[in-house]
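What follows is a short report on a single structure.
Counting starts at 1 for both ligands and their atoms, following the listed order.
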Amino acid sequence: MHIKEHHQNMRLGIISALHEEQAGLVEAMERPSRLIHGMREYFLGQLWEIDAVCVLSRIGKVAAAMTATTLVEKFGVTHILFTGVAGAGDNTVRVGDIVIAESLVQHDMDASPLFPRFEVPLIGRSHFQPNLELSMRLLGAAHDFLELDFPEAIRNEDRHDFGLEQPRVHRGLIASGDQFVNDRQRLQALNGALPGLVAVEMEGAAVAQVCHELDVPFAVIRAISDNANENAAHDFMRFVKSVAAQYAFYITRRLCRDLQQSPPQPRTESADT
Ligand code: ADE
């Protein structure tokens, strides 16, 4: 059976939207080198013995799509992980919870009546699925983080201020759009139109479309920073600095160690992403 060459050695691209979320990972890189391309800094090196490339996409779908494409085409990554924050997409999801994408949709894509609402025209689909194996490993890393690392990782003061009592992990639908959602009614409308919605953010589904088109396995993990309502912007920046950065660091460390111990199976031509 023919096995695609680029899957034999794993190289993990790690995208975040904000500097604060990625600073710890870049610091942890061994033998790092820095390359500037297309107005972005790419950090190449080893993260817990996994060959990795870290980059800030900045915010929004175009920025994320450009970054994902460059990671694959120029830096030869074989897998992509997006780590970041999101607004809660449902009232069962709380600030401090972790969301792992089971599926992603671009909530501001609407070429109706030519195509059904949310469908990416001429691709024939609205929802994009991340790689199952990578997502399951991420799920394990997130659970272990909450169970084992949380007391060490998060200061009591932050736990108290953000009401992080018993954070949970959810797997479900993430909706991305070029809009910071800070309006209860807008969120309710999205939640009604997109069954199973767990989080709203601004990049994941763009990375998902690029990875679908380029046939690259990917996964998306988000810490919930706000309730996508009128208080969203107020909570956001402090949460990113003091909480989300820690989540990203500890969970990525657990994921890399897991990948190092048992590398993913090489994919065959016929395998699903
Ligand atoms: N990222 C974090 N919170 C968000 C929100 N409320 N809307 C969109 N993206 C977000």
Are Ile224 and Ile174 in one and the same hydrophobic cluster, where Ile, Leu, Val, Met, Phe, Trp and Tyr link if side-chain heavy atoms are under 4.5 Å apart?
yes

Provide, to 0.1 Å, the distance between atom 7 (N) of ligand 1 and the closest protein heavy atom, together with that atom's residue and name.
Val181 N, 2.9 Å

Atom 3 (N) of ligand 1: the protein heavy-atom neighbour that sits closest, reported with distance to 0.1 Å
Asp226 OD2, 2.6 Å

Could you list the atoms of ligand 1 found under 4.0 angstrom from a heavy atom of Ala228?
6 (N)

Find out whether Ile98 and Tyr247 are in side-chain contact, i.e. whether some heavy atom of one side chain is under 4.5 Å from a heavy atom of the other.
yes

With a 4.0 Å cut-off on N to O distance, would you call Asp97 and Arg94 a salt bridge?
no

Does a donor on one side chain sit under 3.5 Å from an acceptor on the other, for Ser176 and Glu203?
no

Would you call Val200 a ligand 1 contact, heavy-atom distance under 4.0 Å?
yes

Mutual orientation of the aromatic rings belonging to Tyr250 and Phe145 [parallel < 30°, tilted 30-60°, perpendicular > 60°]
tilted

Give yes or no for whether the N/O distance cutoff of 3.5 Å, strictly under, is met between Ala232 and ligand 1.
no

Can you list the atoms of ligand 1 that are under 4.0 Å from a heavy atom of Gln179?
8 (C)

State, without any angle test, whether Glu102 and Gln129 hold a side-chain donor-acceptor pair at a distance under 3.5 Å.
no

Is the contact between Ser225 and ligand 1 made by the side chain, the backbone, both, or neither, using heavy atoms and a 4.0 Å cut-off?
side chain

